[in-house]
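Data first, discussion second: the structure below is written as structure tokens.
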Protein chains: 2
Amino acid sequence: MVNMVVDKDSPLVEWLGATSLFAGVEGEHLWGLSGIAMVVSCKRRANIFSEGDPGNGFYLVKEGRVKVFMLSPDGKEQILHVIEPGESFGEVAVFAGQSFPAHAVALENCRLVFLPREDFVALVSGNPALALNLLAALSQRLRQFAKMIDALSLKEVPGRLAAHLLYLGEKQAAGNRLHLELSKTQLASLLGTIPETLSRILSRLQRDGFISIEGAEITVIDQQKLAELAEIGKF
Amino acid sequence: MVNMVVDKDSPLVEWLGATSLFAGVEGEHLWGLSGIAMVVSCKRRANIFSEGDPGNGFYLVKEGRVKVFMLSPDGKEQILHVIEPGESFGEVAVFAGQSFPAHAVALENCRLVFLPREDFVALVSGNPALALNLLAALSQRLRQFAKMIDALSLKEVPGRLAAHLLYLGEKQAAGNRLHLELSKTQLASLLGTIPETLSRILSRLQRDGFISIEGAEITVIDQQKLAELAEIGKF
DNA sequence: GAATATCTTTGACTTAAGTCAACAAGCCTG
DNA sequence: CAGGCTTGTTGACTTAAGTCAAAGATATTC
């Protein structure tokens, strides 16, 4: 939480109500939330928290994106999650009552909403609907993690990449054309591999006529084949 | 949920209060829980649920153990979690409001407590303390999954095995001697590898004087070296 | 307790993916 | 816009770990 600046911000309530975490929470409680929230800014590449830091609160992303990742002793990283505006991170430490299990770094200049643990837990204690929202959110994340474990252990890199491309396709819903929202190095880290391997596999997919590449713009040529690859996990 | 028999069981309340999920929940609410609970028995190898099944409730393990796992199209499995007595599984589907994301099979003859979704959600809605317990439990699991992803992508099999042996050592707290609670095939699946590889690595660790093996009984000879291996992740 | 099924180990082989190194492109930043 | 830093690509090489196959060792079950 270094290099952050606290902002004064007013129409938070509305925004909070639009996040998936707090969707459906009544106005009264939203006010409570906004009362304990702090808006902070942080720059691209700024460290938000590190593994082992005391988890005295969690964050919502207002603007920008954040990567949450594990780091091996020799510096290789595995991205667990890329947090987009409206999403949250760090809740785990709040409810497990422990330190953060991973690192968080801003991918871009960000504006974050910080919710301090004690205050937040107090609010949740008085509001079961809020608690149910949180349970749903954590469950959703657990489900994603399970998929990730599945992919890492059961699928080869081409399979994981294919699955990711299909996911982006759905998310962006822009014809056959899609944009890899991350640098290829970061994407490699998200897929649990290294840039060299990713690069080779992308060219292979292009050579074999599955996709066509222009920088970070990918055109899906054979969605069918891509889907098979994602399904069976092997080339 | 095939091949299960519903039992009538009375002193459930006490037992529920002793599970980690419901520890600290007041008697009143425990009665509520026991009111909606169904005790079921299932035999070793019985399928409890499969990926995609509608998640209309979740389970606590009363006796026996259950494995939760993902399955690749060609039948390879990755164990996500081995559930021991007093622990729960399947909650994710309840709160995400979706189908089960994984398979669950009894490792031994089991006695399970089933909590139907609708009734359970109703109870949680009226009891924030219960909700906080659940949030803590899910957070805990999320943390474990994060560790697992970390291990799968950042550590080689010897490192994962070493970490597991150290974990067992702590859990069993029985001098240097420990018991691998799973068949080696199952352990391989938990570590994200295959029996052949596990077998080779176990002999290697023995040959190099890290451990000594008698069937499923392992004696840790050089805990220091094992710890290094688990830390750096490479041989 | 014999018969069968399941688990474990070992060997020879293949292969996906990591490492190291060099170079080419971008892209900030001054 | 020029230099330097980060990012991406390609090639040659190494290696961890998977596959296939066969034999031994345990368990289960009838």
Side-chain angles (χ1 to χ4, degrees), chain A residues 43-45 67 72-79 105 107-109 151-162 180-208 213-218 229 232-235, chain B residues 43-46 67 72-79 105-109 151-162 179-208 211 213-218 229 232-235:
Chain A
K43 293 226 179 68
R44 185 169 135 87
R45 278 165 219 260
K67 70 173 172 185
S72 78
D74 51 313
K76 229 183 93 182
E77 74 173 34
Q78 165 70 48
I79 295 183
V105 163
L107 283 173
E108 307 157 10
N109 292 337
L152 281 173
S153 105
L154 267 22
K155 295 183 163 110
E156 300 177 352
V157 182
R160 291 178 235 160
L161 173 57
L180 311 173
E181 307 175 351
L182 288 172
S183 77
K184 287 175 184 166
T185 302
Q186 296 295 298
L187 178 57
S189 161
L190 183 66
L191 296 178
T193 185
I194 55 172
E196 292 96 316
T197 298
L198 177 61
S199 179
R200 288 184 236 270
I201 291 171
L202 276 170
S203 351
R204 185 140 134 257
L205 288 180
Q206 180 167 42
R207 177 173 54 70
D208 294 5
I213 311 172
E214 286 132 297
E217 304 297 321
I218 307 284
L229 186 50
I232 63 172
K234 305 199 178 190
F235 222 159
Chain B
K43 292 226 179 69
R44 184 169 136 88
R45 277 164 218 262
K67 70 173 171 186
S72 78
D74 51 312
K76 227 184 97 182
E77 75 174 33
Q78 165 69 49
I79 296 184
V105 163
L107 284 173
E108 306 156 10
N109 293 338
L152 281 173
S153 105
L154 267 22
K155 295 182 162 113
E156 301 178 350
V157 181
R160 294 178 233 159
L161 172 58
H179 182 83
L180 311 173
E181 307 174 354
L182 290 171
S183 78
K184 287 174 183 167
T185 301
Q186 296 294 297
L187 178 57
S189 160
L190 183 65
L191 297 178
T193 186
I194 55 172
E196 292 95 316
T197 298
L198 177 62
S199 180
R200 289 185 237 271
I201 291 172
L202 276 169
S203 351
R204 189 135 68 94
L205 288 179
Q206 179 166 46
R207 176 171 57 69
D208 294 4
I211 61 174
I213 311 171
E214 287 132 297
E217 305 295 321
I218 307 283
L229 186 51
I232 64 171
K234 304 199 177 189
F235 222 161

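The structure displayed is predicted, hence computed values, not measured ones. By convention in this document, chain letters (A, B, ...) are assigned in the order of the sequence lines, proteins followed by strands, and residues within each chain are numbered from 1.
- Atom OG of residue A:S199 and atom CG of residue A:L187 lie 11.5 Å apart, to the nearest 0.5 angstrom.
- You'll find the side chain of A:D74 stays beyond 4.5 Å of the side chain of B:L154, heavy atoms only.
- Annotation: side chain of B:K155 is not in contact with side chain of A:S72 (no heavy-atom distance under 4.5 Å).
- For the pair A:I201 and B:R45, nearest-nucleotide mapping onto DNA chain C gives the more 5' position to B:R45.
- Residue A:K234 is in sugar-phosphate contact alone, with no base atom involved, counting any heavy-atom pair closer than 4.0 Å across all strands shown.
- To the nearest angstrom, P of C:dC7 lies 16 Å from CG of B:L190.
- Contacts between chain B and DNA chain D, taken as any atom within less than 4.0 angstrom of a protein heavy atom, begin and end at D:dA16 to D:dT28.
- The CZ atom of A:F235 sits 4.5 Å away from atom CG of A:D208, with the distance rounded to the nearest 0.5 Å.
- Contact of the B:L182 side chain with the B:L107 side chain is registered, since non-hydrogen atoms from C-beta on lie closer than 4.5 Å.
- Counting heavy atoms from C-beta outward, A:E217 and A:I213 have side chains that stay 4.5 Å or more apart.
- Summary for the helix from C:dT8-D:dA23 to C:dG30-D:dC1: the axes at its two ends, each from 5 pairs, differ by 50° when rounded to the nearest 10 degrees.
- Of the two residues contacting DNA chain D, namely A:S183 and B:P158, the nearest-nucleotide position lying further toward the 5' end is that of A:S183.
- Look at CZ on B:R200: it is 18 Å from P on C:dC7, rounded to the nearest Å.
- When the options B:K67, B:K76, B:E77 are evaluated for a side-chain contact (heavy atoms from CB on, under 4.5 Å) with B:S189, the one that passes is B:E77.
- Between A:I194 and B:L198, the residue anchored closer to the 5' end of DNA chain C is B:L198, taking for each the nucleotide with the nearest heavy atom.
- Side-chain contact check for B:T193 versus B:L161: every heavy-atom pair is 4.5 Å or farther apart.
- The shortest distance between the side-chain N/O atoms of B:S203 and the OP1/OP2 oxygens of C:dT9 is not below 4.0 Å.
- Atom NZ of B:K184 and atom C1' of C:dT9 are 9 Å apart (whole Å).
- Within 4.0 Å (heavy atoms only), A:R204 reaches no atom of the nucleic acid at all.
- Residues A:I218 and A:Q206 fail the side-chain proximity criterion, which asks for heavy atoms closer than 4.5 Å.
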**OP:** Determine, for nucleotides 23-30 of chain C in 5'-to-3' order, which nucleotides have protein heavy atoms under 4.0 Å from the base (write B), from only the sugar-phosphate (write S), or from neither (write -).
**Re:** --------
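- Looking at A:E196 and A:R200, their side chains come closer than 4.5 Å, going by heavy atoms from C-beta outward.
- Judged purely by atom type and a 3.5 angstrom limit, A:N109 uses its side chain to pair as donor or acceptor with the backbone of A:R44.
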